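What follows is a short report on a single structure.
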Amino acid sequence: MPRDYANHSSTALQRLPEYKRDDAWIHAFLREAKVAHIASARDDQPFLNPSTFWFDEANHQIIFHSNVAGRMRSNIESNSSVAFEASELGKMLPSNVALEFSLQFRSVIVFGTARILTDPDEIRRVMYGLIHKYFPAMIAGKEYREITDKELKRTSVYAIKIEEWSGKENWKDRADQSDEWPALDEEWFE
């Protein structure tokens, strides 16, 4: 029977607590992860959007952007509650038991509220932070044109206030195996 999550925090009741990671691990992971998925909703219709992002550690928030007009902007204007996920997948892990097949993974889930940034100076600061994450050697005004007012009018930039988060990692070499069934041949682990 499924657990009742209604009276618990969003990150409570982890099924495999040994996979749970601490805040330092989460910080390091968010610095390096490349793609996130942001979930929003409007009128009971969930929406999931892949995006680049920047973890603004100094302000404990996640920065991302989208088009000025679109579903993400409309959803957040209507309902600021969001969920954020970033993950890294490794190799598939076979088992000799059907329900033990697995995969290596690292992930962070964030629950929070998103706000649409409106101050041009703040938007420029966080957008340069986002660009620097992916292209740390490039300099605005040297390798690429600085952000213009015209570009700001075409972009919605968001900050997710982190209310709760959890990090998980399963990077073991093999999935659990049963001694009640013949062992898998080594070829499955290559």
Side-chain angles (χ1 to χ4, degrees), residues 2-15 21 26-89 103 105-136 138 140 144-169:
R3 291 179 175 157
D4 177 12
Y5 289 88
N7 297 315
H8 298 279
S9 76
S10 300
T11 59
L13 304 174
Q14 299 217 358
R15 188 176 64 84
R21 298 298 178 253
I26 293 170
H27 277 252
F29 182 82
L30 290 176
R31 278 186 225 113
E32 299 300 321
K34 301 298 183 214
V35 176
H37 295 89
I38 297 101
S40 62
R42 182 173 188 156
D43 300 328
D44 296 325
Q45 175 62 58
F47 176 68
L48 190 62
N49 189 53
S51 183
T52 57
F53 72 96
W54 175 53
F55 175 39
D56 178 3
E57 291 184 76
N59 296 295
H60 199 63
Q61 62 186 2
I62 303 285
I63 302 300
F64 71 101
H65 68 97
S66 72
N67 197 305
V68 73
R71 180 173 260 181
M72 182 60 71
R73 171 99 185 215
S74 177
N75 286 2
I76 289 174
E77 286 175 340
S78 172
N79 176 359
S80 63
S81 294
V82 296
F84 164 101
E85 176 274 343
S87 58
E88 175 186 357
L89 302 180
L103 74 149
F105 72 89
R106 298 177 175 112
S107 67
V108 169
I109 304 290
V110 170
F111 298 93
T113 52
R115 67 182 172 95
I116 301 164
L117 303 183
T118 57
D119 177 60
D121 292 334
E122 182 181 18
I123 293 170
R124 282 184 172 87
R125 179 187 72 79
V126 300
M127 287 302 295
Y128 287 133
L130 191 147
I131 292 166
H132 182 75
K133 173 185 177 177
Y134 294 93
F135 301 96
M138 295 183 79
Y144 65 96
R145 185 184 68 210
E146 293 185 13
I147 298 169
T148 66
D149 290 338
K150 183 178 178 182
E151 291 166 334
L152 291 182
K153 291 177 183 168
R154 295 186 355 231
T155 305
S156 293
V157 181
Y158 311 89
I160 300 173
K161 177 184 174 191
I162 299 168
E163 295 165 2
E164 292 186 75
W165 66 10
S166 66
K168 291 168 66 174
E169 179 179 42

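Any value given below was found using the heavy atoms of this structure, including those in side chains, with hydrogens, waters and symmetry copies removed. This one's a predicted model, so the numbers in the text were calculated from it and none came from an experiment.
Within the model, atoms OG of Ser80 and CD1 of Ile160 stand 11.0 Å from one another, a figure rounded to the nearest 0.5 Å. To the nearest 0.5 Å, the span separating CG on Leu130 from CD1 on Ile63 amounts to 8.5 Å. To the nearest 0.5 Å, atom CG of residue Asn59 and atom CD of residue Glu122 are 7.5 Å apart. Remark: Leu30 CG to Asp56 CG distance equals 12.0 Å, nearest 0.5 Å.
Nearest heavy atoms, Asn75 versus Phe47: ND2-CB, 3.5 Å. When all heavy atoms are compared, the tightest approach of Leu117 to Ala159 is CD2-CB, 3.9 Å. Between Trp165 and His60, the shortest heavy-atom distance links the atoms CH2-CE1, 3.4 Å. When all heavy atoms of Ser51 and His65 are compared, the closest pair comes out as OG-O, 4.0 Å. Among all heavy-atom pairs drawn from Arg125 and Trp54, the shortest one is NH1-CH2, 3.9 Å. Of all heavy-atom pairs spanning Glu151 and Thr148, the tightest one is OE1-N, 2.9 Å.
With contacts defined as side-chain heavy-atom distances shorter than 4.5 Å, the pair Arg31/Glu57 qualifies. Side-chain contact between Val110 and Ile26: absent, with no pair of heavy atoms (C-beta onward) separated by less than 4.5 Å. Looking only at side-chain heavy atoms (C-beta outward), Phe29 and Glu88 come within less than 4.5 Å of each other. Between Asn67 and Arg73, every side-chain heavy-atom pair lies at or beyond the 4.5 Å cut-off. You'll find the side chain of Lys153 stays beyond 4.5 Å of the side chain of Val68, heavy atoms only. At least one side-chain heavy atom of Gln61 sits under 4.5 Å from a side-chain heavy atom of Arg115.
Side-chain contact, Glu85 with Ser107: no donor N or O sits under 3.5 Å from an acceptor N or O.
In summary, Glu146 and Arg124 do not engage in a salt bridge, as defined by a charged side-chain N under 4.0 Å from a carboxylate O.
Crowding of Lys133 atom NZ: a count of heavy atoms from other residues, nucleotides or ligands under 6.0 Å exceeding 12. Counted within 6.0 Å of OH on Tyr144, heavy atoms from surrounding residues, nucleotides or ligands total more than 12; the atom is thus considered enclosed.
Results of the side-chain contact (heavy atoms from CB on, under 4.5 Å) test with Val82 over Thr113, Ile62, Ile76 single out Ile76 as the only residue that passes.
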Kindly indicate, with the supporting measurements, whether the criterion side-chain contact (heavy atoms from CB on, under 4.5 Å) is fulfilled by Ile116 and Glu77.
-> CA-CA 8 Å; Ile116 301 164; Glu77 286 175 340; 3.6 Å; yes

Apply the test side-chain contact (heavy atoms from CB on, under 4.5 Å) to residues Ser156 and Met72: give CA-CA distance (whole Å), side-chain angles for both, the deciding distance (0.1 Å), then the verdict.
-> CA-CA 9 Å; Ser156 293; Met72 182 60 71; over 6 Å; no

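Listed for the Asp43 side chain is no donor-acceptor partner under 3.5 Å among the backbone atoms of Gln45. Remark: the backbone N or O of Phe105 is not paired with any side-chain donor or acceptor of Lys168 at under 3.5 angstrom.
Aromatic rings of Phe84 and Phe53 (six-membered ring for Trp) have centroids within the 6.0 Å cut-off, being under it.
Between Tyr158 and Phe64, the ring-plane angle classifies as parallel under the 30° and 60° cut-offs.
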